[in-house]
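Some notes on the structure that comes next.
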Amino acid sequence: MLKKSGKTWDDIIEPRAQLSDIDKTSVEVYLKSAAKAKRFPVDKKLPLKELLEKLQLMEKGRLKRAALVLFGREPLKFFPSMSVRIGRFGSSKVDLRFQESIEGSLIYCLEETIEQLDRKFFISPVSFEGLHRIEKWQYPLPALREVLLNALIHRNYTGAHIQIAVYDDRITFWNDGGLPEDLTIELLKKKHSSKPRNPVI
């Protein structure tokens, strides 16, 4: 039905949502990040409704699903799988040592997941320069953010939550989102066009 209408899942109006369902703190985090990256000119003084309209997150005065995924105050109220589950394992998947669940908007999950990974799940290599102790990330932070952003953005929001498994020697990310139509594993390894699952997000 979505394909016939020319819409994607994230482009649909959510009839239950009101402007009060948007978390202004998440919007502020996004605005700061956008301004720092110089991705587009941001007028921080724009009223919330006008800003969301400019970002194409509203239609006919109503919030789209993408707005709630990105900035929702309680997105689980609308989409029950809006969470990231992290597990710390030993040598295999059956050896679960501890776990954490992060629930909230995409903006919140991105920042909180990175923080939880650093604080509870990673072993930071330590070195010294003179008397100064230096702790490095177990994995490069830019790579982690890129993988996590891809998992959050290109997932199927009607499916299961995102899963991250941390082992002594590796980390794996999983999301409920198959390859786009007409894109095979073989084509993925070659130069191919971008076919985002959630283009509004």
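- Taking NZ of Lys54 as the reference point, atom CG of Leu52 lies at 12.0 Å (rounded to 0.5 Å).
- Atoms CG and CZ, on Asp21 and Phe78 in that order, are 4.0 Å from each other to the nearest 0.5 Å.
- One finds the CD1 atom of Ile86 at 4.5 Å from the CG atom of Leu117 (value rounded to the nearest 0.5 Å).
- Hydrophobic clustering (ILVMFWY, side-chain heavy atoms < 4.5 Å, transitive): Val84 and Trp174 are in distinct clusters.
- If you take CG on Asp11 and CD1 on Ile201, they are separated by 10.0 Å, rounding to the nearest 0.5 Å.
- Counting heavy atoms from C-beta outward, His161 and Ser101 have side chains that stay 4.5 Å or more apart.
- Interatomic distance, Gln116 CD to Glu111 CD, rounded to the nearest 0.5 Å: 12.5 Å.
- Leu70 has its side chain out of reach of Leu55: every pair of non-hydrogen atoms, C-beta onward, lies at least 4.5 Å apart.
- Listed for the Asn150 side chain is a donor-acceptor partner under 3.5 Å among the backbone atoms of Glu146.
- Side-chain atoms of Leu144 and Phe173, non-hydrogen and from C-beta on, do get closer than 4.5 Å to each other.
- In terms of heavy-atom proximity, Gly61 sits nearest to Met58 at O-CE, 3.2 Å.
- Looking only at side-chain heavy atoms (C-beta outward), Arg145 and Leu110 come within less than 4.5 Å of each other.
- Here the closest non-hydrogen pair linking Ser81 and Arg155 is OG-NH2, 2.7 Å.
- Using a 4.5 Å heavy-atom threshold, the side chains of Ile171 and Phe122 count as touching.
- Using a 4.0 Å cut-off between a side-chain N of Lys or Arg and a carboxylate O of Asp or Glu, Glu53 and Lys64 do not qualify as a salt bridge.
- Residues Tyr157 and Asn198 have side chains in contact (heavy-atom distance under 4.5 Å, counting atoms from C-beta outward).
- Here the closest non-hydrogen pair linking Asp95 and Ser91 is OD2-N, 3.7 Å.
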Practice task
Show your reasoning for whether side chain to side chain contact (heavy atoms under 4.5 Å, CB included) applies to Phe71 and Ser26.
Solution key: CA-CA 6 Å; Phe71 307 124; Ser26 291; 4.0 Å; yes
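- By the 4.5 Å heavy-atom criterion applied to side chains, Tyr108 and Ile102 are counted as neighbours.
- The hydrophobic cluster containing Ile164 does not contain Phe89, counting ILVMFWY residues as joined when their side-chain heavy atoms lie under 4.5 angstrom apart, directly or transitively.
- Glu74 is linked by a salt bridge (Lys or Arg N to Asp or Glu O under 4.0 Å) to nothing, counting only residues two or more places apart in sequence or in another chain.
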Exercise for the section: For side chain to side chain contact (heavy atoms under 4.5 Å, CB included), just list the numbers for Ile107 and Asp23, CA-CA rounded to whole Å, side-chain angles, deciding distance to a tenth of an Å, and then say yes or no. Expected result: CA-CA 10 Å; Ile107 300 295; Asp23 176 34; over 6 Å; no
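- A salt bridge links Glu59 and Lys7; the closest N-O separation between the charged side-chain nitrogens and carboxylate oxygens is under 4.0 Å.
- Taking all atoms of both residues into account, the shortest heavy-atom contact from Arg62 to Ile13 is CB-CG2, 3.5 Å.
- Nearest heavy atoms, Cys109 versus Leu148: O-CD2, 4.4 Å.
- Placement of Leu96 and Val94 in two distinct hydrophobic clusters is found when ILVMFWY residues are connected by side-chain heavy-atom separations under 4.5 Å, directly or transitively.
- Of the residues Tyr167, Tyr139, Phe98, the one that meets the ring-ring contact (aromatic ring centres under 6.0 Å, His included) test with Phe121 is Phe98.
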Practice task
Decide yes or no on salt bridge (Lys or Arg N to Asp or Glu O under 4.0 Å) for Asp168 and Arg88, but give the supporting numbers first.
Solution key: CA-CA 9 Å; Asp168 290 342; Arg88 182 66 169 90; 2.8 Å; yes
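- Contact check for Asp10 versus Val69: no side-chain heavy atoms found under the 4.5 Å cut-off.
- There is a path of hydrophobic side-chain contacts, each under 4.5 Å, that joins Tyr30 to Ile153.
- Taken to the nearest 0.5 Å, the CD1 atom of Ile162 stands 8.0 Å off from the CE atom of Met82.
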Practice task
Report the C-alpha distance between Leu63 and Leu57 in whole Å, list the side-chain angles of each, state the deciding distance to 0.1 Å, and finish with yes or no for side chain to side chain contact (heavy atoms under 4.5 Å, CB included).
Solution key: CA-CA 6 Å; Leu63 291 171; Leu57 297 175; 5.8 Å; no
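- Considering all non-hydrogen atoms of both residues, Gly104 and Pro75 come closest at C-CG, 3.4 Å.
- Within 6.0 Å of NZ on Lys93 lie more than 12 heavy atoms contributed by other residues, nucleotides or ligands.
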